[in-house]
Each structure stands twice: as structure tokens, then as C-alpha cells.
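To keep things clear, I will list the structure first and then write my remarks on it.
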Amino acid sequence: MATTTAEIGFDLSLTEEQELTQRAARDFATEKVLPLAAEIDEQGKIPAEILREMAALGFMGTYVPEHYGGAGLDAVSNALVVEEINRACASTGVVLCTHVSLAVDPILHYGTEAQKEKYLPKLARGEWIGCFALSEPASGSDAAAMRTSARRDGDHWILNGTKNFITNGSLSNVAIVFAQTDPAQKRKGIAAFIVDKGTPGFSVGKLEKKLGIRGSDTAQLIFQDARVPAASLLGEVSEGYRIALSTLDGGRISIAAQAVGIARACLEDSLAYAKQREAFGKKVADFQAIQWMLADMATEIDAARLLTWRAAAMKDAGEDYILAAAEAKLFASDVAVKASRDCVQIFGGYGYLKDFPAERHYRDAKITEIYEGTSEIMKLVIAEEIFKE
Ligand SMILES: Cc1cc2nc3c(=O)[nH]c(=O)nc-3n(C[C@H](O)[C@H](O)[C@H](O)COP(=O)(O)OP(=O)(O)OC[C@H]3O[C@@H](n4cnc5c(N)ncnc54)[C@H](O)[C@@H]3O)c2cc1C
């Protein structure tokens with residue numbers, strides 16, 4: 001006798017509210033973002049109007065409580081929104097992922113009441129954009145080796161150093177910045193700060209030119225005796241590293257959803273193309289070789305989405321989701337890269353041209369295996385968690 005998911009206490013259906021959110025995101029992404037995706041990639045810029053509309057729909061603070069200006073939904077809803085936006089445009093998608101999961105989230109979870117009141121309404125309503133500054137020129141995976149320093153000076157902290165590869169770096173009004181207060185303390189010496197744009201000594205350095213997600217802004221942030229008020233410390237002085245890691249755990253659910261969105265774009269675009277392109281007197285969709293690629297894509301996308309939803313649901317339930325988030329990101333990013341490779345293949349020579357979306361998906365997909373922890377680092381996290389069990 002077949003067992004339903006409800007009988008085993010595991011419900012995979014979305015609530016009415018989640019379905020409405022998904023539909024709103026899909027309509028917006030299809031009507032407003034998708035038609036601009038090629039231009040965003042080509043110009044290396046996202047029109048401000050797109051970000052404004054995304055904010056008006058509540059997507060810049062999906063799971064921020066309503067009393068802080070958010071939509072008051074949950075992490076599953078955020079994953080649904082992220083998938084839809086990334087299905088249309090991964091550049092726009094990463095602005096959203098970074099803002100919500102890496103800038104808003106740590107303030108929501110570790111901020112004082114005063115910090116929440118100061119920052120969350122503006123960020124959740126999209127009036128301000130946020131970024132997360134952990135990586136440096138000489139430290140990425142090994143984030144604890146950071147050289148940016150923070151020295152206490154009266155009622156201020158003095159920050160010195162350079163942060164590298166910061167998504168939304170030049171666009172942001174506020175940055176979550178990690179710095180070492182005492183190298184002898186190693187990880188325990190790392191502190192997190194909320195740093196406002198315009199802070200004396202804080203400037204934006206060079207903007208990076210990239211393989212993919214070209215519409216998103218990736219910048220260096222420079223701190224030269226930057227004077228940050230003591231009230232801008234996020235959490236305790238010794239808590240910065242923990243805040244960074246736990247923020248990245250949540251961020252990985254977003255990147256998994258981004259990868260699912262990119263992979264879905266590959267499947268939908270490949271399917272449409274294969275149904276109309278002819279070779280040897282048939283549609284290429286009639287060849288079993290093509291059907292198998294599409295079947296693999298469809299199966300793997302569903303599996304990646306289930307892992308992503310599971311991690312998001314665990315976050316909502318207040319469960320430990322470190323393992324689930326790392327598994328979702330590892331698997332979904334691999335699925336996106338493979339789907340994008342097969343998408344170019346199904347488009348044949350046209351897949352290699354800028355006139356079609358396949359080559360953009362191919363370039364965009366790769367980053368999901370790198371940022372917020374590379375695939376190798378995901379395997380380290382997963383191994384550590386399963387050995388613990
Ligand atoms: C477009 C883009 C946007 C980004 N956005 C942000 C952002 O907003 N904020 C931010 O702080 N950072 C950001 N990053 C940085 C990103 O998170 C790092 O690039 C990433 O974590 C890898 O660090 P790294 O580049 O220093 O590579 P490295 O750490 O030097 O790694 C090089 C290689 O060695 C492997 N490796 C390293 N350590 C191990 C190990 N212990 N075991 C096995 N293999 C290992 C890695 O997997 C990789 O293959 C962004 C990067 C890019 C490219």
C-alpha cells in the first residue's frame with residue numbers, strides 16, 4: 001500500500017501563502033526581469049527600477065517580521081522567491097540573495113533592539129541595500145586568516161584592511177564587516193560590525209569584471225583608519241566568526257535556491273528550443289540522446305529543490321540545518337553547472353552565441369560552486385557533521 005507524505009508526517013506541499021508568494025515572484029520575474037536579463041548581463045548593471053519593484057513586492061525582507069518592515073513570511077518563501085528571480089536573471093538574483101541572507105539576516109539574529117530598529121525597516125523595505133564583507137585578498141575559504149584589524153579607541157573602533165569580492169559592495173548603504181581585534185585569540189578575536197556608507201575612512205575600491213553574474217556588483221571595500229562607533233558592534237567581540245559561519249549556513253540555502261533557478265532556466269530554455277529545432281527531418285527533441293539530457297535535468301532539479309526546501313523548512317522550524325544547507329548547496333550547484341553545460345549542448349552552435357540565453361546560463365551557473373563556501377568546503381562541512389553524528 002502506498003504511503004503518503006502526510007502519513008509519515010512529512011508534508012511537501014506549500015501553504016496557500018507560500019503559493020501566493022511563489023506566484024507573485026514568478027509573475028514579476030517573467031514579466032519584468034526576464035526581458036531585461038540579456039541586457040543586464042551585457043551592460044553589467046541592474047536597472048534601479050527592478051530593485052525598487054522587487055522591494056515593493058516585499059522580497060527584500062521576505063522573512064523579516066512585519067513590525068520591522070518585512071513581509072513576515074518564512075525561509076521557505078524566501079527560497080521560492082530566490083528560485084523565481086534567478087530563473088529569470090542570476091545577476092538580479094544574487095543581489096537579492098546577498099541582501100536578505102547575508103546582510104539582513106545577521107542583524108535580525110544578532111542585532112540589539114536599537115540596531116534592529118535602525119536598520120531592518122530600511123533594509124527590509126529595500127530603501128537601503130546591504131552587503132557582507134568577510135573575504136579578503138589573501139583569505140577566502142580560510143576566513144579566520146583575515147588581516148583586517150579592529151582596534152578599540154574610546155567609544156569607537158578603528159578598522160584597517162581590505163575586503164575582496166564583495167557582492168553589492170558599491171551599491172550598499174550598509175556593510176556587515178568582519179575584523180580581527182586580537183590575533184592571539186584567533187577565531188575568538190574576530191568581531192562583526194555594521195558599517196554605514198559614508199563612515200570616515202571607509203571607501204569602495206575596484207569593481208571586478210567577471211565571467212558571469214555580470215550585472216551584479218562585486219567590489220573591494222577599503223578601510224583606512226575607518227572610525228566605527230562602538231554601538232555598531234554586532235554581537236559580542238568574540239562572536240564575529242560564529243556570526244559569519246551561521247550567516248553563511250543560511251546563505252547557502254539561498255545559493256542552493258539560486259542554483260535551482262538557474263538550472264530551471266536551462267531546462268525550460270532547452271525544452272523550448274529542442275521542440276522547434278529540426279535535424280534529419282525531425283525535431284531534435286525527438287532524439288533520445290536529447291530526451292535523456294532533459295530527463296536528467298528535470299530529475300536533478302527536483303532533487304535539488306527538495307534538498308533546498310528541506311533546509312529552509314528546518315531553518316523555519318528552528319532545527320540545526322548546517323548539514324542540510326551544505327548538502328543542498330553542494331548538490332544544487334553541481335546540478336546547475338551540469339544543466340548549463342547540457343543546455344549549451346542542446347542549443348548546438350547557437351548555444352555558443354550571445355543571441356541565445358544558453359551561454360549566459362553556462363557562465364552564471366559556475367559561481368554557485370564557488371561563493372558562500374566552495375564545493376570542496378561544502379564537503380568538509382558535510383563530513384564534519386556526519387562524523388559528529
Ligand atoms: C562573484 C563573487 C562574489 C562574491 N561575493 C562575496 C561576498 O559578498 N562576500 C564575501 O565575503 N565574499 C564573497 N566572495 C568570495 C568567495 O566567498 C570566495 O571566493 C570563496 O569563499 C573562495 O575563497 P577564495 O577565492 O579565496 O579561494 P581559496 O580559499 O583560495 O581556494 C582556492 C581553492 O582551494 C580549495 N580549498 C581551499 N581550502 C581547502 C580545503 N581546506 N580543502 C580542500 N580544498 C580547499 C577551494 O575549494 C578552491 O578550489 C565572492 C566571490 C566571487 C567570485
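Note that ligands are numbered from 1 as they come in the structure, with each ligand's atoms numbered from 1 the same way. Everything numeric here is computed off the predicted structure, so don't read it as measured data.
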Which residue and non-hydrogen atom of the protein lie closest to [atom], and at what distance in Å?
atom: atom 40 (C) of ligand 1; result: L380 CD1, 3.9 Å
atom: atom 45 (C) of ligand 1; result: E376 CB, 4.3 Å
atom: atom 31 (O) of ligand 1; result: S141 OG, 3.7 Å
atom: atom 3 (C) of ligand 1; result: T167 OG1, 3.3 Å
atom: atom 20 (C) of ligand 1; result: I370 O, 3.7 Å

Contact partition for [X] relative to ligand 1, non-hydrogen atoms under 4.0 Å:
X: N168; value: neither
X: V94; value: neither
X: E372; value: backbone

Give yes if a backbone or side-chain nitrogen or oxygen of [X] is under 3.5 Å from a nitrogen or oxygen of ligand 1, and no if not.
X: I367; value: no
X: F165; value: yes
X: L134; value: yes
X: S135; value: yes

Any protein heavy atom < 4.0 Å from [atom]:
atom: atom 34 (O) of ligand 1; result: no
atom: atom 15 (C) of ligand 1; result: yes
atom: atom 10 (C) of ligand 1; result: yes

Requested in this report: Using heavy-atom distances, let me know which of C131, A138, A219, G140 sits nearest atom 26 (O) of ligand 1.
Outcome: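 It is G140 that holds the nearest heavy atom.
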Query - Residue list, ring-ring contact (aromatic ring centres under 6.0 Å, His included) with Y321, at least two apart or on another chain - result: none
Requested in this report: Can you run down the ring pair (Phe, Tyr, Trp, His ring centres under 6.0 Å) pairs that involve residues 53-72, sequence neighbours left out, and say none if there aren't any?
Outcome: none
